[in-house]
Trainee: 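Mind looking over this structure? Questions follow.
Here the structure is a predicted model, which means the values were calculated and not measured. Chain A is the first sequence line, chain B the second, and so forth, proteins listed ahead of strands; every chain is numbered from 1.
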2 protein chains.
Amino acid sequence: MAALKYSRQRESIKHYLMTTKEHPTADMVYMHVKQDFPNISLGTVYRNLNLLTDIGEAVKISTPDGGYRFDGRLEPHNHFLCTKCGRLLDLELDMKSIEEVNRLAAENFDGIITSSSTLFYGECSDCIKKS
Amino acid sequence: MAALKYSRQRESIKHYLMTTKEHPTADMVYMHVKQDFPNISLGTVYRNLNLLTDIGEAVKISTPDGGYRFDGRLEPHNHFLCTKCGRLLDLELDMKSIEEVNRLAAENFDGIITSSSTLFYGECSDCIKKS
DNA sequence: TTAATTACAGTAATCGTTATCATTATTATA
DNA sequence: TATAATAATGATAACGATTACTGTAATTAA
């Protein structure tokens, strides 16, 4: 079972994820944590991001461009991807709405739906202002 | 603008996508088309899958495991990923429901939502039977 | 304080995908 | 038709993101 051992690097990664709203990629996490640990290895970042995801202290989001983004927000919520600037933002959708969607989907489906994740697309407010 | 030229390989790929319900990966497409074109190159498969996606004759779906699946069904629809067997299935959700979800999401969001894509998780009917 | 074990940094390996390039197939035109 | 132009191919090299490996350092338990 391999008991978990404290590490300052992991704490730093976790703290960054919990305080940022950037939904960073592994490389963005690496760049950031490098400020405190100049010779941290990219492998350490990956190892810990996956570890945190496994123990439920981070969420791994796969984006349409292939790669992953990481999120320290653990409550179920959805995301919005701006098709202009590419930013990934949080999008609130109350539990009732989420459950309603799952219920609608279950109507025409021959299995059990336990959860769902929606990615919304469009133009974010910043991009609208600029145009 | 590079005019498109016919190719038997591309037709074969397109035909397979339109007739299968498997939501194949690039490699699965490669394996299949290889039966008709034994020395087709994997690069050709990728090139054509991306081309078909670009001209709107195929859809590229990114899955939580990182990779992509391809779909010949062009009407907007959603997908279900079985957490037991890993199969990716179609899931019908009428346009009204999809629009309703987008409307609900827009309520708490400061931008324009043009579309959305939901991936549902749970257990498919086959896996339920087996347990 | 020592022994056991996990995490680390650094680096090599892996995997899916793209890019390159010389050759072949398709299309337009003479 | 025959020819010329150009897009597509197969083969292979290159790429970027992620994972695996290894010897050393840090953390924890005895």
Trainee: For residues Phe70(B) and Thr25(B), report the shortest heavy-atom separation together with the two atoms involved.
Mentor: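 Taking every non-hydrogen atom into account, CD1-C, 4.5 Å.
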Trainee: Ignoring hydrogens and angles, write down the donor-acceptor pairs under 3.5 Å from the side chains of residues 122-130 of chain B, residues two or more places apart or on other chains.
Mentor:
residue: Glu123(B); atom: OE2; partner: Lys84(B); partner atom: NZ; Å: 3.4
residue: Ser125(B); atom: OG; partner: Asp110(A); partner atom: O; Å: 3.3
residue: Asp126(B); atom: OD2; partner: Arg87(B); partner atom: NH2; Å: 2.9

Trainee: Show the atom names and distances, to 0.1 Å, of all donor-acceptor pairs under 3.5 Å that link a side chain in residues 26-37 of chain B to residues at least two apart or in another chain.
Mentor:
residue: Tyr30(B); atom: OH; partner: Lys34(B); partner atom: NZ; Å: 3.1
residue: Lys34(B); atom: NZ; partner: Pro38(B); partner atom: O; Å: 3.2

Trainee: Ser7(A) near the nucleic acid: base, sugar-phosphate alone, or nothing, with a heavy-atom cut-off under 4.0 Å?
Mentor: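 Result for Ser7(A) = sugar-phosphate.
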Trainee: Residues of residues 47-62 of chain A with any non-hydrogen atom less than 4.0 angstrom from an atom of DNA chain C: list those, numerically ordered, please.
Mentor: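 Correct list: Arg47(A), Asn48(A).
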Trainee: Extract from the structure each pairing of a protein N or O with an N or O of nucleotides 13-16 of chain C at less than 3.5 Å, listing the distance.
Mentor:
none

Trainee: Give, ordered by number, those residues of residues 15-31 of chain A having at least one heavy-atom distance below 4.0 Å to an atom of DNA chain C; if nothing qualifies, reply none.
Mentor: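 Correct list: empty, so none.
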Trainee: Nearest nucleotide by nearest heavy atom, which residue falls closer to the 5' end of DNA chain D, Lys5(B) or Arg8(B)?
Mentor: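 This one resolves to Lys5(B).
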Trainee: Listed by chain and number, what are the salt bridge (Lys or Arg N to Asp or Glu O under 4.0 Å) partners of Glu100(B), not counting sequence neighbours?
Mentor: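 Listed in chain order: Arg103(B).
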Trainee: Output every pair passing salt bridge (Lys or Arg N to Asp or Glu O under 4.0 Å) with a member in residues 63-75 of chain A, not counting sequence neighbours, ordered by first then second residue.
Mentor: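 Of all non-adjacent pairs touching residues 63-75 of chain A, those that pass salt bridge (Lys or Arg N to Asp or Glu O under 4.0 Å) are Arg73(A)-Glu75(A), Arg73(A)-Asp90(A), Arg73(A)-Glu92(A).
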Trainee: Could you give the CG-to-P distance, from Leu42(A) to dA12(C), as a whole number of Å?
Mentor: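 So the two atoms are 15 Å apart, to the nearest Å.
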Trainee: Anything under 4.0 Å to a heavy atom of chain A counts; send over the first and last such nucleotide of DNA chain D, read 5' to 3'.
Mentor: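 For DNA chain D, the relevant span reads dA17(D) to dT28(D).
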Trainee: How bent is the helix from dT1(C)-dA30(D) to dA30(C)-dT1(D), measuring the angle between the end axes built from five pairs each, rounded to 10°?
Mentor: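 Taking the rotation axis at each end, their angle is 30°.
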Trainee: List the residues meeting side-chain hydrogen bond (donor to acceptor under 3.5 Å, both in side chains) with Lys60(B), not counting sequence neighbours, and say none if there are none.
Mentor: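 side-chain hydrogen bond (donor to acceptor under 3.5 Å, both in side chains) list for Lys60(B), sorted by chain: Asn50(B).
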Trainee: Say whether, by atom type as modelled, one donor and one acceptor occur between the side chain of Thr19(B) and the main chain of Tyr16(B) under 3.5 angstrom.
Mentor: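 Confirmed, Thr19(B) side chain pairs with Tyr16(B) backbone.
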Trainee: Specify the separation, in whole Å, of atom OH of Tyr6(B) and atom C1' of dA25(C).
Mentor: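 Taking OH of Tyr6(B) and C1' of dA25(C), I get 11 Å after rounding.
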Trainee: Other than Met95(A), what residues sit in its cluster of Ile, Leu, Val, Met, Phe, Trp and Tyr side chains whose heavy atoms are under 4.5 Å apart, directly or through others?
Mentor: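 Grouped by the 4.5 Å side-chain rule, Phe80(A), Leu89(A), Leu91(A), Leu93(A), Ile98(A), Val101(A), Leu104(A), Phe109(A), Ile113(A), Phe120(A), Phe80(B), Leu89(B), Leu91(B), Leu93(B), Met95(B), Ile98(B), Val101(B), Leu104(B), Phe109(B), Ile113(B), Phe120(B) form the rest of the cluster around Met95(A).
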Trainee: Could you tabulate the donor-acceptor pairs under 3.5 Å formed by side-chain atoms of residues 40-48 of chain A, not counting sequence neighbours?
Mentor:
residue: Ser41(A); atom: OG; partner: Gly43(A); partner atom: N; Å: 3.1
residue: Thr44(A); atom: OG1; partner: Arg47(A); partner atom: NH2; Å: 3.2
residue: Asn48(A); atom: OD1; partner: Arg10(A); partner atom: NE; Å: 2.9
residue: Asn48(A); atom: ND2; partner: Thr44(A); partner atom: O; Å: 3.0

Trainee: Separation of Phe37(A) atom CZ from dA7(C) atom C1', in whole Å?
Mentor: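 Spelled out: CZ on Phe37(A) to C1' on dA7(C) is 12 Å.
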